[in-house]
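The structure appears right after this line, and notes come after that.
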Amino acid sequence: MKLDARIPAGPIEQKWDKLKFDMKLVNPANKRKYKVIVVGTGLAGGSAAASLGELSYNVEAFCYQDSPRRAHSIAAQGGINAAKNYQNDNDSVFRLFYDTVKGGDFRSREANVYRLAQLSVNIIDQCVAQGVPFAREYGGLLANRSFGGAQVSRTFYARGQTGQQLLLGAYQALERQVKAGTVKMFPRHEMLELVVIDGRARGIIARDLVSGEIEPHVADAVILATGGYGNVFYLSTNAKGCNTTAIWRAYKKGAAFANPCFTQIHPTCIPVSGDYQSKLTLMSESLRNDGRIWVPKKKEDTRPPSQIPEEERDYYLERMYPAFGNLSPRDIASRAAKRVCDEGRGVGPGGRGVYLDFADAIRRLGRQTITERYGNLFEMYERITGEDPYRVPMRIFPAVHYAMGGLWVDYHLMSTIPGLFVLGEANFSDHGANRLGASALMQGLADGYFVIPYTLGNFLAGVKPGDGITADHAEFAAARRAVEERLRRLLAIQGKRTVDSFHRELGHIMWEDCGMSRHRKGLESALGRIRALRGEYWQNVKVVGEEAEINQALEKAGRVADFLELGELICRDALERKESCGAHFREEYQTPDGEALRNDAQFAHVAAWEYAGENASPIRNIEPLEFEYVHLAQRSYK
Amino acid sequence: MKLILHIWRQKDRQSPGKMVRYEVQNVNEHMSFLEMLDVLNEDLIARNQDPVAFDHDCREGICGSCGFMINGVAHGPQRGTTVCQLHLRHFKDGQELWLEPWRARAFPVLKDLIVDRSAFDRIIAAGGYVSINTGGAPEANSLPVEKTKADLAMDAAQCIGCGACVAACPNASASLFTAAKISHLALLPQGEAERERRALNMVAQMQAELFGACTNHGECEAVCPKGIKLENIARMNREFVQAACLHREPARETGGA
Ligand SMILES: Cc1cc2nc3c(=O)[nH]c(=O)nc-3n(C[C@H](O)[C@H](O)[C@H](O)COP(=O)(O)OP(=O)(O)OC[C@H]3O[C@@H](n4cnc5c(N)ncnc54)[C@H](O)[C@@H]3O)c2cc1C
Ligand code: SF4
Ligand code: FES
């Protein structure tokens, strides 16, 4: 497989402008003749579909929820970064670029990250003009807060509901295009197959989740913006429906899957409370601005936190990383929490928790200010745990949160299948081995509003609209048959175990052996167990109901079948990456003080996996990474 | 703990539905309401019965997917809480509960507790936006916005489109939902240019979808999980009346030379 990242030549500051000028344009009168499918209408897909509709392309957009307004982007709490330097604290495009490359532990592509930092400022302008109600200062100008991995204050926010407000902005722009007739929206539709004809992505097979009908949809280009696959761990901060199906189907049709083992574990989530638990809830990282993280110095100290005197508390992040303290990057903060809990100093049931304490901040700033900043997060915490965080410190523990890995894309955001573009969390993106807080919203919107409208035009200018392909083509018929057979097979097994029980077991394997820390033996054993579990799945799963109706069990069954394959690829990738970097921590490779030890000589590259058939091992291809502007160095937040 | 549930079961849009009684054993007070239904569904599958269908996704009270009536109250007994964030600690062991879908002419039942809320999308499509295309935006700080106005706009913008307000209203009115969006945009300078058209078109769409009229019962505000206030409806009415009196459609553009 050839991996050509198509990075424009020239100095990094000029690459994007130069490419924009060199790109081909589609004649305005011809745009409506091109049909574009956008799967997923979160921040990335919603902003893309709206912007492409505005340009007059003929867009069809799909989502599995009942409305595009419900994509999981809605749940993002903390904020979105932009290099506006409104705080006069010496921020710049270059600094945002630098922080992101370093935060990603030098496993991302410099050119892409630089473009992201450049576009960040346009995003804020665009969203403000749409009426996104960002937080403001008394003078009427926009307010900022700090996030992990940065020493400047560049995060824009709308209370604790930044993702909601940004998504509603994109959703409203999308509905405006629906009304204008440029976008046709297909809610409650799930993409179950990609159709590739003569090496080009030409459409999808989707299931109408209400009628159960299997529908072919033909297009000149397909855009996937289907979000992250964190639910392969069963418990995560993702929504219940988040899945890998769309990108997994594309992988099996020839799209390379990059760095699948880079999954982010977020340090501040509400701990698991029982085995019935269906999901984990994030407490925004922004809380680390004012909250202090600690555990007792003594092991198995069961005193209530109020009775543990100051000198018997270990504010371990402040102690270990004095420069960044409670704002250390996520991978580092998560591992530190695991370490103190492994030492027996964790708090709460099972000792799997640490305190996030606001007592100092409330004393310093007053309860009113804390309510203004975090009121809704405090309420959410209390609703879930029944404890009042104004009085007792929150208990938090790391949880699976974000997928840095995803389909490999070049600088144009095109996958290894021509005509298949991938945006947002679904691509392997700009975050390397660890994403910094408030950067996913930025990336999703940069991809959708400001990159794809140009790069897609360049692609379409080189192909004829329609090109004689219709839904009657043999490839569409074959893809449709494959989807139908798969659904019928799942319904026909009629085994003994529910889909959820398999999903839980898979999640358990992934969390134990491919979670916050990994080692060779564990990964090898996980590979075997996942394969066995998948074997059992296809013999013993039980799915009730019928095909031609709303059947949520059947929807889940298809998604879990794909997770059972993805889980294996994740472990394989983790096994082959014989170094530690960012979120990928291999116990065999660490510095004497327990930090991730990269191996730049052998692993300064993207691993892009190529599907090689049902019974063959996938092929590991490599895209070497070069660091011209941010020099390779061990990360230090001390 | 144990609960006795009576749940509305309906195969599809066309079929008639009925209440069916279930007992769920072995649940505990730390579970969320939907986790309790997960337990029930696992049990139903084990017994070869169709699990109860209900919409849900984020389970964090923000996506607006979930929602049904519990003993006649939209989203159940805890104020300001979606049903996915409602925990069993608010119920008594052995309590009997009746679960029904939102009931409104504009929200047909699709299956069990799932209804079709696409009318809400069409109300937004009628004008719930600022008409600016990607790319043409001015510098974000070029237009200061009074903080109190921005905060009020944010209060209104928090609506999650769940539909509880419609379900709670004796007239099945969508006024609170529609008013929340009209208010959010009317309060900001960015929404000013289209203020009149927006109010006229969104209200017209709301009526076309067969939602009822608002007669000030206030049931919507009482069940709204996001605390959207009735004052938004007053603001919508003012916007609408003003627009109805003063609005003129702009002159059509004519071709240049
Ligand atoms: C709790 C939480 C808090 C977060 N907070 C922040 C934050 O403060 N700042 C930040 O920058 N990032 C944050 N993130 C990360 C960020 O929200 C996500 O990475 C980002 O929103 C993903 O956007 P997306 O458009 O790629 O995908 P999503 O918003 O997940 O959208 C996916 C879309 O794809 C559709 N879809 C999926 N599969 C299919 C299929 N098979 N067929 C059809 N449609 C399909 C869905 O219906 C949906 O429309 C947070 C994430 C979580 C979970
Ligand atoms: S106004 Fe409240 S109850 Fe009505 S849809 Fe919005 S959030 Fe739900
Ligand atoms: S499931 Fe998202 S609001 Fe309840």
Side-chain angles (χ1 to χ4, degrees), chain A residues 50-51 54 65-67 69-70 72 74-75 84 86 122 124-126 128-131 133 136-142 158-159 161 164-165 168 171-173 175-176 178-179 187 210 239-241 273-274 276-279 281 380 383-384 386 449-450 453 498 500 542 544-545 549-550 552-553, chain B residues 11-12 28 30-31 34-35 38-39 42 45-46 48-51 53 55-65 81 85 87 89 110-111 114 116-118 120-121 124-126 128-134 137-141 144-147 150 153-154 157-158 161 184-185 188 190-191:
Chain A
S51 305
E54 288 161 7
Q65 295 92 344
D66 68 331
S67 162
R69 69 179 292 149
R70 310 206 196 281
H72 198 50
I74 201 96
K84 284 282 198 188
Y86 284 163
N122 303 64
I124 301 304
D125 297 344
Q126 183 66 30
V128 166
Q130 286 173 344
R136 288 178 182 271
E137 308 285 359
Y138 282 102
L141 300 184
L142 293 159
R159 297 203 185 133
Q161 290 115 292
Q164 178 196 30
Q165 294 310 316
L168 293 181
Y171 156 74
Q172 289 161 200
E175 289 298 335
R176 173 170 163 247
V178 170
K179 182 80 178 175
V210 177
K240 291 298 283 176
S273 74
Y276 50 80
Q277 188 120 9
S278 61
K279 75 152 291 163
T281 302
M380 186 169 9
R383 263 198 296 274
I384 293 174
Y449 282 133
F450 298 113
T498 61
D500 272 357
K542 180 169 185 179
V544 295
E549 60 173 5
I550 295 185
Q552 294 174 318
Chain B
K11 189 169 166 44
D12 54 31
N28 73 52
H30 298 300
M31 283 182 178
L34 299 188
E35 283 167 347
D38 291 342
V39 171
E42 289 285 288
I45 294 172
N48 280 323
Q49 294 178 27
D50 222 10
D55 263 327
H56 68 105
D57 203 25
C58 73
R59 297 203 175 189
E60 296 190 7
I62 191 75
C63 75
S65 295
T81 305
Q85 291 273 288
H87 282 67
R89 64 180 82 91
L110 297 177
K111 182 173 184 173
I114 298 181
D116 177 352
R117 287 171 291 198
S118 54
F120 272 8
D121 288 332
I124 298 296
Y129 40 73
V130 175
S131 296
I132 58 137
N133 285 353
T134 303
E139 160 41 57
N141 257 351
V145 180
E146 196 188 315
K147 182 166 166 26
M154 179 64 198
Q158 296 190 95
H184 158 208
L185 295 172
L188 293 173
Q190 287 83 4

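Reminder, nothing fancy here: chain letters follow the sequence lines and each chain counts from 1.
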Among B:Asn141, B:Leu188, B:Thr81, who wins on heavy-atom pairs under 4.5 Å with chain A? B:Asn141
Just how far is it from atom CD1 of B:Ile62 to atom CD1 of A:Ile74, taken to the nearest 0.5 Å? 6.0 Å
Hey, does the side chain of B:Asp57 reach the backbone of A:Ala239 with a donor-acceptor pair shorter than 3.5 angstrom? no
Where do B:Ala140 and A:Asp125 come nearest, in terms of heavy atoms and distance? N-OD1, 2.8 Å
Heavy-atom pairs under 4.5 Å with chain A - which of B:Gly191, B:Gly61, B:Gly161 has more of them than the others? B:Gly161
Is it the side chain or the backbone of B:His56 that comes within 4.5 Å of chain A heavy atoms, both, or neither? side chain
Heavy-atom pairs under 4.5 Å with chain B are the metric here; pick the option from A:Val178, A:Leu142, A:Val210, A:Leu168 that has the most. A:Leu142
State whether the side chain of B:Glu60 and the backbone N or O of A:Thr281 hold a donor-acceptor pair below 3.5 Å, judged by distance alone. no
Look only at the side chain of B:Lys111 and the backbone of A:Ile550, and say whether a donor-acceptor pair between them is shorter than 3.5 Å. yes
Which residue out of A:Tyr449, A:Tyr138, A:Tyr86, A:Phe450 racks up the most heavy-atom pairs below 4.5 Å with chain B? A:Tyr86
Quick one: NE2 on A:His72 to SG on B:Cys63, what's the gap to the nearest 0.5 Å? 8.5 Å
Do A:Tyr276 and B:Asp38 come within less than 4.5 Å of each other through their side chains, counting heavy atoms only? no
Against chain A, label B:Gln158 side chain, backbone, both or neither, depending on which of its atoms sit under 4.5 Å from a heavy atom there. both
Residue from B:Ala137, B:Ala150, B:Ala153 scoring the most non-hydrogen pairs under 4.5 Å with chain A is B:Ala137
State the CG-CZ distance between A:Asp66 and B:Phe120, to the nearest 0.5 angstrom. 10.5 Å
B:Ile124, B:Asp121, B:Val130, B:Leu185: which one forms the most heavy-atom pairs within less than 4.5 Å of chain A? B:Asp121
Decide yes or no for A:Glu549 and B:Asp50: does some side-chain heavy atom of the first lie under 4.5 Å from some side-chain heavy atom of the second? yes
Select one option (side chain, backbone, both, neither) describing which atoms of B:Ile132 are under 4.5 Å from chain A's heavy atoms. both
A:Ser67 side, atom OG; B:Asp55 side, atom CG - distance, nearest 0.5 Å: 11.0 Å
Contact check, side chains of B:Asn48 and A:Val544, non-hydrogen atoms, under 4.5 Å: yes
Is it the backbone or the side chain of B:Arg59 that comes under 4.5 Å from a heavy atom of chain A, or both, or neither? both
Contacting region of B:Ile45 [heavy-atom separation from chain A under 4.5 Å]: both
In terms of heavy-atom pairs under 4.5 Å with chain B, which of A:Arg136, A:Arg159, A:Arg69, A:Arg176 leads? A:Arg176
Basic-acidic side-chain contact under 4.0 Å: B:Glu35, A:Lys279: no
Quick one: what part of B:Leu34 sits under 4.5 Å from any heavy atom of chain A, side chain, backbone, both or neither? neither
Between the main-chain N or O of A:Gly131 and the side-chain N or O of B:His184, is there a donor-acceptor pair closer than 3.5 Å? yes
Select one option (side chain, backbone, both, neither) describing which atoms of B:Asn133 are under 4.5 Å from chain A's heavy atoms. both
Please examine the side chains of A:Gln165 and B:Met154, heavy atoms only from C-beta on, and report whether any two atoms are closer than 4.5 Å. yes
Evaluate side-chain contact (heavy atoms from CB on, under 4.5 Å) for B:Glu139 paired with A:Asn122, printing each intermediate quantity in order. CA-CA 8 Å; B:Glu139 160 41 57; A:Asn122 303 64; over 6 Å; no
In terms of heavy-atom pairs under 4.5 Å, which option from A:Ser51, A:Ala553, A:Gly140 contacts chain B the most? A:Gly140
Are any side-chain N or O atoms of A:Arg70 and backbone N or O atoms of B:Gly64, one a donor and one an acceptor, separated by less than 3.5 Å? yes
B:Ser65 portion near chain A, given a 4.5 angstrom heavy-atom threshold: both
To the nearest 0.5 Å, how far apart are NZ in A:Lys179 and OG in B:Ser131? 12.0 Å
Regarding B:Lys147 and A:Glu137, does a basic nitrogen lie under 4.0 Å from an acidic carboxylate oxygen? no
To the nearest 0.5 angstrom, please state how far the NZ atom of A:Lys542 sits from the CD atom of B:Glu42. 10.5 Å
Chain B contacts, top residue of A:Lys240, A:Lys84, A:Met380 (heavy-atom pairs, under 4.5 Å): A:Lys240
What option among A:Ala158, A:Pro133, A:Ala75, A:Gly386 has the most heavy-atom pairs under 4.5 Å with chain B? A:Pro133
